[in-house]
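Note that the structure is a prediction, hence the values are computed from the model and not measured. Every chain is numbered from 1, with letters handed out A, B, ... down the list of sequences.
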Amino acid sequence: MISLRKLRKVFGRRCAVEGLDLEVTPGQIFGLLGHNGAGKSTAIGMMLGQVWPTQGEVRVCGFEVTTHRHKALRKVGAIFESPVFYDYLSGWANLEILSHYTAPTSKARIREVIEWVGLTGREKSQVRTYSHGMRARLALAQALLPQPELLILDEPSDGLDPEGIHEMRLTILRLQKELGLTILLSSHLLNEVEQICTRIAVLNQGRKVFEGTLAEAVKQQDWVRLRSDDFAAAAGELQAEGLITESRDGRLVALAPGVGSERLVRLLVERGRPVYEIAPEGRTLEDFYLELMKEKRA
Amino acid sequence: MFLFQLRNELWKLFGKKRTYIGFLMFLLAQNAILILFRFSHVPKQMTRLLEINGLSSTGYISILTLGTMMVVLIAYTMLPLYVALIGGDLVAKEAEDGTMRMILCRPISRIRLLLLKWLAGFIFAVTLVLVLGLFGLLFASFWFPWGGLFVGPPVLSFSVYDAAEGLRRYALGHLFMIPKAATIMTMGFMFSCFNMKPAAATILALSLLMISGILEQVPFFSDFQEWFISYHVNVWQSLFDPRIPWWKIGQSMSILIGYNVTFLLVGCTAFHVRDIKS
């Protein structure tokens with residue numbers, strides 16, 4: 001659905017995106033992570049033909065965006081952080097105006113989408129009377145009107161309250177499940193990305209520093225959490241037997257290659273050491289992201 | 001599809017309160033002029049001027065005379081301001097507010113979008129000129145009788161016409177004022193396509209017009225009058241000359257069309273190469 005090849009964008013002397021390769025396949029919920037100014041919005045701008053790439057190729061829905069923008073964006077919907085509308089017009093008028101830039105849209109279709117996002121009853125009110133959550137729903141409605149196959153969401157939960165964030169998360173999952181949409185989600189909310197994305201890419205200063213599945217990102221290299229009466233002594237015995245390679249933080253041990261945690265338990269029990277807890281140590285996306293950023297800074 | 005999109009642009013333009021500032025100010029200005037005229041010594045001075053020229057004042061201090069007088073004053077001062085304001089707003093305001101980003105994630109070409117916007121601006125300019133003319137006649141009719149048209153210095157050359165001919169000149173004057181309004185609007189529109197604030201686009205357009213007007217008035221440059229845009233945008237005044245110089249009007253109209261096309265092309269090029277970011 002989205003294919004970026006050696007993408008580069010320079011603003012004056014600042015390089016916003018450098019050598020970016022990215023592949024988003026149909027049906028994925030792809031997360032784009034990165035700090036402020038990492039190049040996420042610029043990359044999205046290039047995907048939508050709003051920002052001209054300095055170098056490289058941007059293909060959306062099989063078409064090169066810079067030369068065949070019309071074909072590339074025909075089945076694309078997008079939402080940006082803090083969605084902006086014509087405040088002095090009604091929600092309905094806004095939807096009608098925005099949808100006509102893609103193709104003529106029937107009243108029935110507009111009504112259907114309004115119902116889908118839960119704005120029924122308020123569609124004739126001026127947008128200036130809408131709450132932030134309602135604006136987010138209107139933004140979703142305008143993105144869904146052209147019956148897209150690909151949704152590009154740039155910080156869709158920005159400014160929403162916890163309930164709104166939760167609702168947006170459920171909606172994104174619902175969109176993927178019920179309508180089978182491919183979704184590219186750019187977000188600062190690592191928790192949100194962790195809960196809904198199947199694959200992620202991390203940008204740092206315009207460069208991609210990680211791309212992989214969420215499982216790959218959060219996977220900890222064979223670290224096991226161990227709780228015994230005397231962690232240091234237990235770890236020493238395990239290391240002497242060659243079952244672990246190292247220990248740290250007074251609770252974690254790294255399994256030696258090919259060693260399962262059941263062997264640790266057996267050895268400790270045989271030696272009369274109590275084992276209160278033994279479990280694989282996972283890490284959150286936040287841990288992964290922070291470690292990655294720390295590593296890149298170093 | 002194009003008509004739907006144009007309707008939407010007009011919807012956006014005429015849905016904004018600030019679009020109506022021009023109409024409201026015309027209303028206020030014309031009524032203020034009429035009241036001042038009615039209760040000042042100007043009618044007496046006008047009567048004297050007519051009598052010196054062997055004409056009777058009755059029948060010439062009329063709706064058409066007052067309407068034309070107001071139009072001349074307003075077309076010089078307020079009309080450029082309001083059309084430049086709208087022209088400067090058309091693209092820059094959407095870019096500033098962020099709605100341009102919402103539009104440009106749709107499969108519409110930038111050139112098509114600009115043409116739609118320019119067309120909406122042109123329709124506004126036409127409406128504003130027509131409303132100016134109609135308001136002039138309407139409000140003058142509250143205070144003065146129907147009659148012939150008298151125009152005179154300092155802006156126009158001394159002429160008198162009967163009511164029918166006066167109305168024809170009045171209508172023609174407004175018709176040829178449309179290119180003036182459209183050109184100033186397009187100038188504002190061109191600046192609006194660059195990466196700048198709407199106010200800056202409006203101010204730049206008005207500044208260019210003023211500079212041109214100042215240069216045109218400098219006696220040393222009288223030989224170069226045709227080079228100044230202000231000369232051509234005010235050619236509509238020639239419609240009140242005793243003998244209408246159609247060749248001069250035709251020349252100015254073609255030059256104004258050239259200006260409009262140039263402004264539009266420059267604007268489109270600037271907008272096309274721009275990166276639209278939040």
- Taking it one step at a time, do A/Lys9 and B/Asp275 satisfy side-chain contact (heavy atoms from CB on, under 4.5 Å)? CA-CA 11 Å; A/Lys9 178 64 192 178; B/Asp275 290 320; 2.8 Å; yes
- Message: Would you say B/Lys277 and A/Thr42 are linked by a side-chain donor-acceptor pair, where the criterion is simply a distance under 3.5 Å?
- Response: yes
- Task: May I have the step-by-step check of side-chain contact (heavy atoms from CB on, under 4.5 Å) for A/Arg69 and B/Ser109, ending in yes or no?
- Result: CA-CA 8 Å; A/Arg69 190 173 170 276; B/Ser109 77; 5.7 Å; no
- Message: So for B/Met1, is it side chain, backbone, both, or neither that comes closer than 4.5 Å to the heavy atoms of chain A?
- Response: side chain
- Item | Donor-acceptor pair between A/Gln142 and B/Arg106 side chains, under 3.5 angstrom | yes
- B/Phe4, CZ atom: more than 12 neighbouring heavy atoms under 6.0 Å: no
- Note on the structure: What one should report as the nearest heavy-atom pair of B/Ile276 and A/Val51 is O-CG2, 3.9 Å
- Is the closest side-chain heavy-atom distance between A/His70 and B/Arg112 below 4.5 Å? no
- Query: Roughly how far, to the nearest 0.5 Å, is the OH atom of A/Tyr101 from the CG atom of B/Leu104?
  - Reply: 9.0 Å
- Pairing of B/Lys16 and A/Asp87 as salt bridge, 4.0 angstrom limit: no
- Note on the structure: Minimal heavy-atom distance between A/Tyr88 and B/Gly15, with the atoms involved, is CD1-O, 3.3 Å
- Query: Just by distance, with hydrogens left out, do B/Lys12 and A/Tyr86 show a side-chain donor and acceptor under 3.5 Å apart?
  - Reply: yes
- Tell me, side chain or backbone of B/Arg274 under 4.5 Å from chain A's heavy atoms, or both, or neither? backbone
- Message: I'd like to verify something: which residue of A/Leu98, A/Asp154, A/Ile79, A/Leu48 has the highest number of heavy-atom pairs under 4.5 Å with chain B?
- Response: A/Leu98
- Note on the structure: If you tally heavy-atom pairs under 4.5 Å between each of A/Ala103, A/Ser99, A/Ala143 and chain B, the highest tally belongs to A/Ala103
- Below 4.5 Å, heavy atoms only, C-beta onward: do A/Trp52 and B/His272 meet side chain to side chain? yes
- Considering only heavy atoms and a distance below 4.5 Å, find which of A/Ala139, A/Gly77, A/Pro83, A/Pro104 pairs most often with chain B. A/Pro104
- For atom CZ of A/Arg199, decide whether the heavy atoms of other residues, nucleotides or ligands shown that lie under 6.0 angstrom number more than 12. yes
- Residue, of A/Val84, A/Ile44, A/Leu89, that accumulates the most heavy atom pairs under 4.5 Å with chain B: A/Val84
- Query: Which answer fits A/Lys71, side chain, backbone, both or neither, if we ask what part of it has an atom under 4.5 Å from a heavy atom of chain B?
  - Reply: neither
- For B/Phe122, does the CZ atom sit with more than 12 other heavy atoms under 6.0 Å from it, leaving out its own atoms? no
- Item | Contact origin within A/Phe80 toward chain B - heavy atom pairs under 4.5 Å | side chain
- Message: Within this structure, what is the CD1-CG distance for the pair B/Ile108 and A/Leu73, rounded to the nearest 0.5 Å?
- Response: 12.0 Å
- Message: For a quick test of reading the model, state the closest non-hydrogen atom pair linking B/Arg7 to A/His100 and the distance between them.
- Response: NH2-CE1, 3.7 Å
